[in-house]
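First the structure, in the form of structure tokens, and then the observations on it.
Everything numeric here is computed off the predicted structure, so don't read it as measured data.
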Amino acid sequence: MPPKTLLVENFICRSCLSTLRKQAPTAQWALRRSSSQATQPLASPPHSHLSRDQEIERQKTLETLGLLKESKDNGVSVNYFEQGKGGKLRRLRDEDEFGQALMDPDGQMELRLKEMEQELEHATQFAKIVEEIWGKQGAEKLRKRVESQDESLPKPSLLLPEEDWPPHDRTHIVQLNNMIRTIGRKHRGGVPNQKRINSLWKYYSAARIALSKKWESVHADIWDLLWQILAADHTNNPNRMSHIYTLAKDMQKAGIPLRDDQQLLAIEATFISSSREEAITAHKKLVTTLGAMPETFSEFWQLGLRMYCLIGDIARAERVVNTLLESPYEKDPRFLLPFIRMCAENPATVEKGFELYQRLRAALDNSITIEDYDQIISYFLASNQTEFAFYIFVEMMTSKTVDLRGTHKVPPSVSSPFFYGKWLKRLIGAGDLQGAYSVLLHMKSKGVMPQAIVVNGLIGAWLRSGAAENMQKAEEVAWAMINARMQFLGIRKDMQNLAAFVRLRQYGEGWPRANLETFSLLAENYKDRGIHSKMEELWTAFRQAEIAPDSFILNQLLFSYLQDGQGKHVAGLSRDLTNQFQVEPDSWTFMVLWQALSVNRLVQIPPGQLLEEISKTRSLFAEMVRSAHIFAASGIDAQLARYILHSFRKLDDQFGLLLAYRALRQIFKFIPPDIIVLELHVGSMDLERTGKSKGGLRLMHAGKQIESYMRRRHQELIASGQLRADDDMPDDVKQKELADFLEALLQNRIAEDERTEQLLTQAAMEMGLHGEVPTFETS
């Protein structure tokens with residue numbers, strides 16, 4: 001018992017003190033009383049009667065202790081007390097604290113309010129994330145689902161809890177959460193780009209080990225979000241099936257039930273990414289559920305049909321087809337396509353495949369598309385069933401008015417090379433080169449000669465593909481066409497010595513005769529592959545084929561000689577061929593001629609040959625001036641002009657360089673780009689290599705000199721009023737100023753003396769510029 005306080009006992013009368021000591025302990029909840037009962041604990045029990053003197057003494061004592069105050073209304077004020085768990089009394093400040101004590105007995109109300117505020121803030125953030133990721137409609141669906149669920153269940157969350165993880169695991173969880181936030185903020189319900197999908201998969205894969213220890217921490221809404229993004233059927237998600245397979249396995253381990261559509265996707269993903277047997281077993285287990293429900297009937301059995309077709313189980317696949325055909329549920333007749341493909345692959349069932357195609361065509365009627373026809377035709381072509389593919393193509397082209405089944409004679413309108421040519425062009429354009437080749441062989445077997453232009457298209461497509469097998473086929477067919485050309489020429493020559501009534505027929509494999517395009521295709525391919533021996537063989541055959549060449553095939557031959565290290569023969573060969581066949585050179589002809597010069601082929605020119613090389617270079621430029629009309633339409637190529645100017649620079653022919661540059665500007669309308677100006681200033685065709693060597697300072701000095709000149713010219717144009725002060729130099733003006741700078745630079749490099757005019761005139765004559773261009777001044 002605590003010690004008594006003397007001061008308190010002196011102020012409390014003995015009768016009251018005796019009453020307090022005898023009073024029985026009261027329950028805690030009973031001590032909270034109304035104002036009319038507040039003073040009763042200090043008064044005598046109802047059954048005790050105090051005398052008037054005792055009552056007066058008690059009231060004085062209460063007033064002395066401050067327990068009884070005057071009230072404005074009735075002269076009396078009430079004090080409130082609260083007894084704690086240990087029985088200790090605590091005086092309450094006022095009526096408001098008394099009311100709060102009645103509402104919050106344990107004093108936990110404020111703490112609970114703070115918790116509710118935090119929950120509201122989290123819910124607001126969650127709603128924003130949901131709306132960003134799933135859109136307003138998705139957020140509304142989630143809200144309705146939350147309202148309908150049991151309050152005792154955990155609230156949905158799109159973010160993983162980041163507490164209570166080991167440091168290494170927490171890093172992966174935080175990264176995954178950050179990626180979810182990024183996708184929600186950037187895409188707002190759409191399909192993310194491939195980079196973000198791959199990043200989400202990377203972070204999820206890294207967090208899988210940690211999550212497997214606490215699958216319960218992954219809310220169902222997080223699984224929905226991961227499925228929505230990682231299982232999206234989009235070009236941005238090429239690894240979709242692999243993602244679905246892993247997600248489905250993890251969701252099953254986490255105890256998350258898969259929806260019907262998710263179960264079907266999981267089976268398909270298992271079939272593609274893992275075990276075919278496991279997928280088929282899972283499919284069989286769902287026959288009585290998903291296979292019987294109207295909502296999933298068609299998708300379920302179509303999935304089974306695709307799987308059975310891929311494993312080649314024709315018996316089961318046929319039973320599934322019959323199940324789908326007999327079902328009353330709505331379905332797209334195109335579900336037959338996998339079964340048609342499987343039947344077309346086997347000669348024993350190809351007839352059944354064609355019959356199912358006819359059934360599909362009848363079901364689709366006018367809704368069948370060209371793409372449907374192309375798809376089915378490709379099935380039969382891939383299995384070398386060209387006859388059936390031809391039947392289908394004829395039906396497509398004739399709108400089903402011509403049926404070749406059972407006919408012994410094909411109508412001429414169908415068996416013509418023009419009709420087959422349409423088919424070949426379509427197949428080549430679609431990239432089905434093997435199918436086109438099968439059609440060619442089918443044409444030949446039917447005695448229909450294909451057109452050379454169509455076969456050349458297939459040869460070109462084969463060569464462009466770069467595949468070794470395709471290039472071999474291209475060469476075989478092209479040389480067969482060349483042989484047909486040679487045979488034709490032989491027959492024509494023999495017929496000149498025979499009587500008029502004698503006619504010779506061409507024999508062989510039925511290929512069309514090669515033309516200039518056929519030779520050009522092979523020549524370009526041999527040049528690009530650097531096979532000069534085959535190029536020479538081809539050129540020999542070309543000479544024998546009695547076909548007039550053009551500049552293209554001549555250029556291929558010249559480039560082949562140059563690449564084979566026989567550049568010294570290029571100029572003479574070009575001159576002989578152009579004179580013999582009267583072929584006019586083009587831009588590429590001059591490109592190979594300039595590249596074949598010794599100054600561009602050899603590392604160093606012997607000093608004794610320098611004057612000879614200068615003369616050859618000037619003569620080649622004169623030849624190009626005579627052919628200037630071929631550049632009138634499109635102008636001269638910048639790379640060709642670059643080789644010309646650097647050829648004179650390498651020979652240190654300052655006069656030739658200046659005149660060539662002026663002629664390129666005035667005759668060929670050449671405008672030098674920035675890079676060529678800088679190259680000629682520095683004296684190098686490889687600025688990157690020059691910058692890394694000792695010429696780096698020279699390159700930097702040249703750049704600063706050009707910039708200084710352009711700034712000065714800009715100020716002069718502003719001063720002359722041609723530009724306003726705040727205007728930048730227009731691009732065309734800038735190009736002209738750079739061209740003028742280069743011309744002045746080249747001119748200043750020529751030391752003027754009494755022979756300057758004579759040397760300049762001599763160079764102009766050698767370069768074919770005398771009297772054909774304005775007079776050139778040396779100042």
Checking side chain to side chain contact (heavy atoms under 4.5 Å, CB included) for the pair Gln580/Asp576: CA distance, chi angles, key distance, verdict?
-> CA-CA 6 Å; Gln580 178 182 356; Asp576 294 341; 5.6 Å; no

Are Leu664 and Lys669 close enough, and set up right, to give a side chain to side chain contact (heavy atoms under 4.5 Å, CB included), and what steps lead you there?
-> CA-CA 6 Å; Leu664 287 173; Lys669 309 304 179 184; over 6 Å; no

Apply side chain to side chain contact (heavy atoms under 4.5 Å, CB included) to the pair Val583 and Leu577, showing each step before the final yes or no.
-> CA-CA 8 Å; Val583 177; Leu577 294 177; over 6 Å; no

For [X] and [Y], work out which heavy atoms get closest and say how close.
X: Asn237; Y: Leu230; answer: ND2-O, 2.7 Å
X: Ala739; Y: Tyr661; answer: O-OH, 2.9 Å
X: Ile244; Y: Trp227; answer: CG2-CH2, 3.7 Å
X: Gly457; Y: Arg464; answer: O-NH2, 4.4 Å
X: Gly691; Y: Leu699; answer: CA-CD2, 4.0 Å
X: Ala461; Y: Ile428; answer: CB-CG2, 4.1 Å

Between [X] and [Y], is there a donor-acceptor pair closer than 3.5 Å when you use the side chain of the first and the backbone of the second?
X: Asp564; Y: Gln566; value: no
X: Asp727; Y: Leu723; value: no
X: Asn236; Y: Pro192; value: yes
X: Thr617; Y: Glu613; value: yes
X: Asp550; Y: Ile553; value: yes
X: Ser574; Y: Ala571; value: no
X: Asn525; Y: Leu521; value: no
X: Asp169; Y: Trp165; value: no
X: Asn239; Y: Ser242; value: no
X: Arg618; Y: Glu766; value: no

Which word best sums up how the rings of [X] and [Y] line up, parallel for under 30°, tilted for 30 to 60°, or perpendicular for over 60°?
X: Phe542; Y: Phe519; result: perpendicular
X: Phe631; Y: Phe590; result: tilted
X: Phe559; Y: Trp588; result: perpendicular

Could you tell me the separation between the [atom1] atom of [X] and the [atom2] atom of [Y], rounded to the nearest 0.5 Å?
X: His681; Y: Leu742; atom1: NE2; atom2: CG; value: 9.0 Å
X: Ser615; Y: Asp653; atom1: OG; atom2: CG; value: 10.5 Å
X: Leu769; Y: Thr761; atom1: CG; atom2: OG1; value: 11.0 Å
X: Leu697; Y: Lys694; atom1: CG; atom2: NZ; value: 11.5 Å
X: Met471; Y: Glu475; atom1: CE; atom2: CD; value: 8.0 Å
X: Leu247; Y: Arg240; atom1: CG; atom2: CZ; value: 11.5 Å

Does the side chain of [Y] come within less than 4.5 Å of [X]'s, by heavy atoms?
X: Ser587; Y: Ile630; value: no
X: Leu562; Y: Arg601; value: yes
X: Trp201; Y: Thr246; value: yes

I'd like to know if [X] and [Y] make a salt bridge, using a cut-off of under 4.0 Å between side-chain N and carboxylate O.
X: Glu743; Y: Arg665; value: yes
X: Lys736; Y: Asp740; value: yes
X: Glu679; Y: Arg642; value: yes

Any chance the side chains of [X] and [Y] put a donor and an acceptor closer than 3.5 Å?
X: Arg196; Y: Ser199; value: no
X: His646; Y: Arg649; value: yes
X: Gln434; Y: Lys473; value: yes
X: Gln472; Y: Asn470; value: no

Could you check whether atom [atom1] of [X] has more than 12 heavy atoms from other residues, nucleotides or ligands sitting under 6.0 Å from it?
X: Glu469; atom1: CD; answer: no
X: Leu611; atom1: CG; answer: no
X: Trp479; atom1: CH2; answer: yes
X: His569; atom1: NE2; answer: yes
X: Ile209; atom1: CD1; answer: no
X: Ile453; atom1: CD1; answer: no
X: Arg689; atom1: CZ; answer: no
X: Gln604; atom1: CD; answer: no

I would like to know whether Asn600 and Lys650 meet side chain to side chain donor-acceptor pair (under 3.5 Å); could you show each step before the answer?
-> CA-CA 9 Å; Asn600 290 321; Lys650 292 176 183 178; 3.1 Å; yes

Sequence neighbours excluded, which residues qualify as salt bridge (charged side-chain N to carboxylate O under 4.0 Å, His left out) partners of Arg712?
-> Glu716

Partners of Lys568 by salt bridge (charged side-chain N to carboxylate O under 4.0 Å, His left out), sequence neighbours excluded?
-> none

Check whether the ring centres of Tyr561 and His532 lie less than 6.0 Å apart, and answer yes or no.
-> yes

Going through the distances and angles, do Gln747 and Arg662 end up as a side chain to side chain donor-acceptor pair (under 3.5 Å)?
-> CA-CA 10 Å; Gln747 181 172 315; Arg662 287 178 173 176; 2.4 Å; yes

Given the rule in the side chain to side chain donor-acceptor pair (under 3.5 Å) test, do Arg208 and Ser205 qualify, once you have shown the distances and angles that lead to the verdict?
-> CA-CA 5 Å; Arg208 284 185 66 216; Ser205 300; 5.9 Å; no

Decide yes or no on side chain to side chain contact (heavy atoms under 4.5 Å, CB included) for Phe552 and Gln556, but give the supporting numbers first.
-> CA-CA 6 Å; Phe552 179 83; Gln556 308 309 309; 3.4 Å; yes

